[in-house]
Amino acid sequence: MLSFLPAPLIGLIASALLVLNTLFWVPILLLLAVVRLILPWPPFRRRLDPLLVRVAEAWISGNSGWMALTQKTSWDVDGIAGLDPHGWYLVNANHQSWVDILVLQRLLTHRIPLLKFFLKQQLRWVPVIGLAWWALDFPFMRRHSEQQLALHPELRARDQAATRKACEKFALIPTSVVNFSEGTRFTVAKQQRQRSPYRHLLRPKAGGIALALNVMGDKFAAILDVTIVYPGGAPNFWQFLCGRMASVQVRVQSLPVPRHLASADYANDPAVREAFQQWLQQIWKDKDAQIEALLAKRRS
């Protein structure tokens, strides 16, 4: 444990360990991904994809190792017992910081299949990491404003097709699909701009989760509703590297897959869209109340 060192020095050590761990594992991922690109047949993918997953899990374990060495964080976690590492899950979480991804990976890796995230198209070009995400079949999505979609409705169909193609790959081997329903990281400014009815959350968007359920609803064993709370405030990535995330609270609740909605036509049926949105808004209302209760308990 290096928490006795000055915070900037901890940050530099953590950064160096993160880079070294990444540079060790990513070339192995890329080599396997190139072989898969040359031999793309589904039977071969079913053999090769588990190897890619094992390499990715080793990379994540390395990250957890340097986190344990450099961080002095109090972890308050509930709800992760009894999960199936060989089943499919849809993970639905609130989103406040890039640190959320490391928190989810540290807690859920080896307990459920490898987490796959939907990423913004721009992240494809992040040095080294972008290539790793490509190798692991993380889908890159273009984000369009409501104004753009109104002018060019064909963009919505293009995004849906990309999501569907990604989910079809996820169906080959056990996978955990991660969805941040808010679509962006929480800030007070965004909350006010949206006029969000929630105290600690942005408005959820149902489109991504609806499409994932429509394509893979028969595969998912459950929906894991994950609530992440940083009692001292959500850290940015540098603050996290410097060991300034004093505590984190995580609650995981297993929810049944709404089969009647998963099999319905979200894209073309307004009644289905309304039902999906009401279902997700109720989850968000419960999540908001849970966050408030956790914070109130810490304050008392």
Side-chain angles (χ1 to χ4, degrees), residues 71 73-84 87 89-109 111-112 115 117-118 176-210 212-213 220-236 239-240 244-258 261-262 274-300:
Q71 311 294 311
T73 301
S74 172
W75 293 79
D76 176 7
V77 182
D78 185 57
I80 60 174
L83 298 174
D84 182 4
Y89 288 98
L90 177 57
V91 180
N92 191 38
N94 60 312
H95 192 22
Q96 303 161 81
S97 165
W98 271 99
V99 180
D100 298 341
I101 294 174
L102 288 175
V103 168
L104 290 171
Q105 288 179 331
R106 183 183 185 276
L107 293 179
L108 296 177
T109 297
R111 289 188 171 91
I112 62 175
L115 302 173
F117 297 85
F118 288 91
S176 301
V177 181
V178 181
N179 181 66
F180 292 118
S181 288
E182 291 160 298
T184 184
R185 285 166 286 174
F186 174 92
T187 67
V188 173
K190 292 175 186 176
Q191 181 191 38
Q192 293 173 345
R193 190 159 58 246
Q194 286 187 355
R195 297 182 180 178
S196 171
Y198 309 103
R199 289 166 289 187
H200 307 286
L201 301 165
L202 302 178
R203 293 179 182 271
K205 299 177 181 179
I209 193 171
L213 285 173
F220 290 129
I223 297 170
L224 297 185
D225 181 53
V226 180
T227 301
I228 304 173
V229 177
Y230 303 99
N236 61 37
Q239 290 169 335
F240 169 76
R244 289 175 173 151
M245 186 176 80
S247 63
V248 59
Q249 297 172 291
V250 182
R251 297 293 182 268
V252 181
Q253 183 180 8
S254 182
L255 302 176
V257 175
L261 293 176
E274 178 63 24
F276 238 119
Q277 289 161 3
Q278 289 181 1
W279 170 77
L280 183 56
Q281 286 165 9
Q282 183 59 54
I283 293 174
W284 236 238
K285 182 179 178 181
D286 295 342
K287 185 185 294 290
D288 197 49
Q290 185 177 53
I291 294 173
E292 179 61 25
L294 288 169
L295 292 174
K297 186 177 180 180
R298 295 282 298 206
R299 289 193 295 262
S300 62

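All values reported here derive from a predicted model rather than from experimental measurement. Positions are given from 1, in the same order as the sequence printed here.
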Gln71: side chain to side chain donor-acceptor pair (under 3.5 Å) partners, not counting sequence neighbours:
none

Write down the atom of Arg203, the atom of Tyr198, and the distance for their closest heavy-atom approach.
CA-CE1, 4.2 Å

Nearest atoms (heavy-atom pairs only) where Leu280 meets Ala206
CD2-CA, 3.7 Å

Work out which heavy atom in Ser176 is nearest to a heavy atom in Val91; give both atom names and the distance.
CB-CG2, 4.3 Å

Starting at CG of Leu224, measure out to CG of Asn179 and round the result to the nearest 0.5 Å.
12.5 Å

Non-neighbouring partners of Asp84 that pass side chain to side chain donor-acceptor pair (under 3.5 Å), sequence neighbours left out:
none

Side chain to side chain contact (heavy atoms under 4.5 Å, CB included) against Asp78, all qualifying residues, sequence neighbours excluded:
Arg251

What verdict does the side-chain contact (heavy atoms from CB on, under 4.5 Å) test give for Leu104 and Ile228, after you've listed the backbone C-alpha separation in whole Å, the side-chain angles of each residue and the deciding distance to 0.1 Å?
CA-CA 9 Å; Leu104 290 171; Ile228 304 173; 4.2 Å; yes

Among residues at least two apart in sequence or on other chains, which ones pass ring-ring contact (aromatic ring centres under 6.0 Å, His included) with Phe276?
Tyr266, Trp279

Using every non-hydrogen atom in the two residues, find where Leu201 and Phe186 come nearest and quote the distance to one decimal.
N-CE1, 3.6 Å

So which pairs with a foot in residues 280-291 pass salt bridge (charged side-chain N to carboxylate O under 4.0 Å, His left out), sequence neighbours left out?
Arg199-Asp288, Asp225-Lys287

Derivation of the side-chain contact (heavy atoms from CB on, under 4.5 Å) call for Leu202 and Trp284
CA-CA 9 Å; Leu202 302 178; Trp284 236 238; 5.8 Å; no

ring-ring contact (aromatic ring centres under 6.0 Å, His included) partners for His200, two or more places apart:
none

According to side chain to side chain contact (heavy atoms under 4.5 Å, CB included), who are the partners of Ala222, at least two apart in sequence or on a separate chain?
Tyr89, Ser254

State, to 0.1 Å, how close Val177 and Leu90 come at their nearest heavy-atom pair, and which atoms those are.
O-CD1, 3.3 Å

Contact check, side chains of Leu108 and Leu83, non-hydrogen atoms, under 4.5 Å:
yes

Sequence neighbours left out, what passes side chain to side chain contact (heavy atoms under 4.5 Å, CB included) with Gln239? Give chain and number order.
Pro235, Asn236, Arg244

How would you list, by chain and number, every residue that makes a side chain to side chain donor-acceptor pair (under 3.5 Å) with Ser196, sequence neighbours excluded?
none

Any side-chain heavy-atom pair from Asp76 and Ser247 closer than 4.5 angstrom?
no

Flag side-chain contact, heavy atom, 4.5 Å: Leu115 against Ile101:
no

Any donor-acceptor N or O pair under 3.5 Å, side chains Gln278, Gln282:
no

Among residues at least two apart in sequence or on other chains, which ones pass salt bridge (charged side-chain N to carboxylate O under 4.0 Å, His left out) with Glu292?
Arg299

Closest non-hydrogen atom pair, Val99 against Tyr230:
C-OH, 3.8 Å

Quick check on side-chain contact (heavy atoms from CB on, under 4.5 Å): which of Gln96, His95, Lys205 does Phe180 satisfy it with?
His95

Gln290: what forms a side chain to side chain donor-acceptor pair (under 3.5 Å) with it, not counting sequence neighbours?
Thr227

Partners of Arg185 by salt bridge (charged side-chain N to carboxylate O under 4.0 Å, His left out), sequence neighbours excluded?
none

Can you find a pair of side-chain heavy atoms, one from Ile291 and one from Asn94, that are under 4.5 Å apart?
yes

